[in-house]
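Structure first, then comments.
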Amino acid sequence: MAPPKLTDYERKRLENIRRNNEMMAALNVQSKASQLSNITKVVTKSYNVKSEKKPKTETPIVIRRSLRTRGIPPDSKGLDLYANSDSNAVTHNSPNKNDDFVQTLGPIPMKDAYKGVDDSDRSFIESLVRISDKEFSEEELNGHAKKMKIECSLELESLSLDPENIARVVPGRITQMGFCPSNDVKMVVAGNKFGDIGFWNVGQNEIFLYHPHQAPISGILFQPHCLSKIYTSCYDGLVRLMDAEKEIFDMVYNSDACIYALSQPKNEANCLYFAEGSGGLTVWDNRIGKSSSHWDLHESRINTIDFNPESPHIVATSSSDATACTWDLRFIGGGATKHTTLRTFTHKRSVQSAYFSPSGCSLATTSLDNTIGIYSGVNLEDQTSVYHDNHTGRWISTFRAIWGWDNSYLFIGNMKRGVDVVSTVQRATVKTLQSPHISAIPCRFYAHPYEVGMLAGATSGGQVYIWTSS
DNA sequence: GCGTTTCTTATACAT
DNA sequence: ATGTATCCAGAAACGC
């Protein structure tokens, strides 16, 4: 049933499949599972700058499983992701174009995931370990918090975008971003839809790119007391822990379902909370090395999980079921009974985010019904709705209003390449940050946890823009 | 409750 | 400056 005429796209794909088959034949690959991982490695290396070498992991665990169950398109995007990261790389080079793709479980050495020239990330890894050696005392962290509360008054007019604070950190669309929670080293980390993680050392203007995942990155989490450890979650169903000391992306959790969000209460480094599958919230306990709870909290996927900074047992979830909810983790309970929320915030369309303000007194939701919900009061009973066009379409990640450094402002992207600043007091958009240097729509944002006025915005083209307050 | 279809849309690269 | 290939997200509406 060959079509009478192939499109360029189809021709290119068939050509790539043929080339891969040749490559495999040349390598005399057998059909053992342990060697399937070598195939993926070879495919990976086919465009890498790195020299060919055998993976060091002895007999890596390899699984095959359905793409459909994990939200990855059937046409083998899983492997395609490798190729997409290079502008001239072949596309659609997957050898198996059906329902399965090959995925390596277990730890991935950082040098295998690294996409730059061999060993050129040495200084980066060492610097991560070095800054992480600096112990953070509880006092010191509280000091930060106190300082924040005093100095939080931000002059909006002082925010500016220095052309030096722009970089393409990853190829393709950024889905998640963060700042390294350090005063000394200004570093941005960004995850993209291909499963890449990019680090941008802003001061040194260096970028380091790794490929630990196979699908869009949904969460990036520095361990606050140990900056050399970074958790990542992904639509590929995996949670990994990048450990710069061990120089690996370790495997923490492996699900058949997508992981849509990742979070952690600040007082509980041993537990991870992530959004799994359609409405599930899973608690992972590092001390026992397995999940301690799994609750079905929503009718549809959970898009964000956010802990109240003042009451770590209070958590807010936002969901595509058109609600955001607050929960008390002490009373969520087990069993098949319907879990009771502290409060349910309803929208007309899916809710893309629900974040607590820095003081924990307010909650802000962003929904595809084109509103930003702002809730305050003792039980978050005072409700305000601010209109905001949240329609992004196919190529732009959904907008999410984030809090700045106090309870007064929210920041959210708009389709005109600007950043709308919403005042919670005036209940309206009061300013739009714009710059001729912005060449794409900033859709995901992150406020530096310690540096008031340092705001990073990420685009569909992999760029990160950092506004600073002079 | 599920699968299918439709619709929205920007970016980067080549010319 | 303009055209074009990407593409396969995510949601909603519809049908069963």
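In the text below, chain A, chain B and the rest are named by the order of the sequence lines, each starting its count at 1.
A close approach under 4.0 Å does not occur between any side-chain nitrogen or oxygen of Arg173(A) and OP1 or OP2 of dA9(C). Distances shown here put a side-chain N or O of Tyr235(A) below 4.0 Å from the OP1 or OP2 atom of dG10(C). Taking only side-chain nitrogens and oxygens, Ser320(A) comes nearer than 4.0 Å to OP1 or OP2 of dA11(C). A sub-4.0 Å separation between OP1 or OP2 of dG10(C) and a side-chain N or O of Gln352(A) is absent.
Here the P atom of nucleotide dA11(C) and the NE2 atom of His298(A) are 14 Å apart, to the nearest Å. Rounded to a whole Å, the CG atom of Asn303(A) is 6 Å from the P atom of dA11(C). For the pair Ile438(A) CD1 and dA12(B) P, the interatomic distance rounds to 13 Å; values are reported in whole Å. Atom NZ in Lys193(A) sits about 13 Å away from atom P in dA12(B), given to the nearest Å. Rounded to whole angstrom, the span from the CG atom of Asp321(A) across to the C1' atom of dG10(C) amounts to 15 Å. Note: CZ (Arg444(A)) to C1' (dA9(C)) measures 11 Å, nearest angstrom.
The side chain to side chain donor-acceptor pair (under 3.5 Å) check on Asp389(A) picks up nothing, with sequence neighbours excluded. With sequence neighbours excluded, the residues satisfying ring pair (Phe, Tyr, Trp, His ring centres under 6.0 Å) with Tyr273(A) are Phe307(A). When the ring pair (Phe, Tyr, Trp, His ring centres under 6.0 Å) test is applied to Phe208(A), the partners found at least two apart in sequence or on another chain are Phe124(A). The ring pair (Phe, Tyr, Trp, His ring centres under 6.0 Å) check on Phe399(A) picks up nothing, with sequence neighbours excluded.
In this structure, the side chain of Asn201(A) does not engage the main chain of Asn205(A) through any donor-acceptor pair within 3.5 Å.
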Listing, residues 172-180 of chain A side-chain donor-acceptor contacts under 3.5 Å, not counting sequence neighbours, or none:
{"from": "Arg173(A)", "atom 1": "NE", "to": "Ser397(A)", "atom 2": "OG", "distance (Å)": "3.1"}
{"from": "Thr175(A)", "atom 1": "OG1", "to": "Gly191(A)", "atom 2": "O", "distance (Å)": "3.3"}
{"from": "Thr175(A)", "atom 1": "OG1", "to": "Ile217(A)", "atom 2": "O", "distance (Å)": "2.6"}
{"from": "Gln176(A)", "atom 1": "NE2", "to": "Ser218(A)", "atom 2": "O", "distance (Å)": "3.0"}

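Residue Glu299(A) is classed as having no contact, given no heavy-atom separation below 4.0 Å to the nucleic acid.
You'll find the ring centres of Trp403(A) and Tyr355(A) outside the 6.0 Å limit.
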(message) How would you summarise protein contacts on nucleotides 5-11 of chain B per nucleotide, using B for base, S for sugar-phosphate only and - for none, with heavy-atom distances below 4.0 Å?
(response) ---BBBS
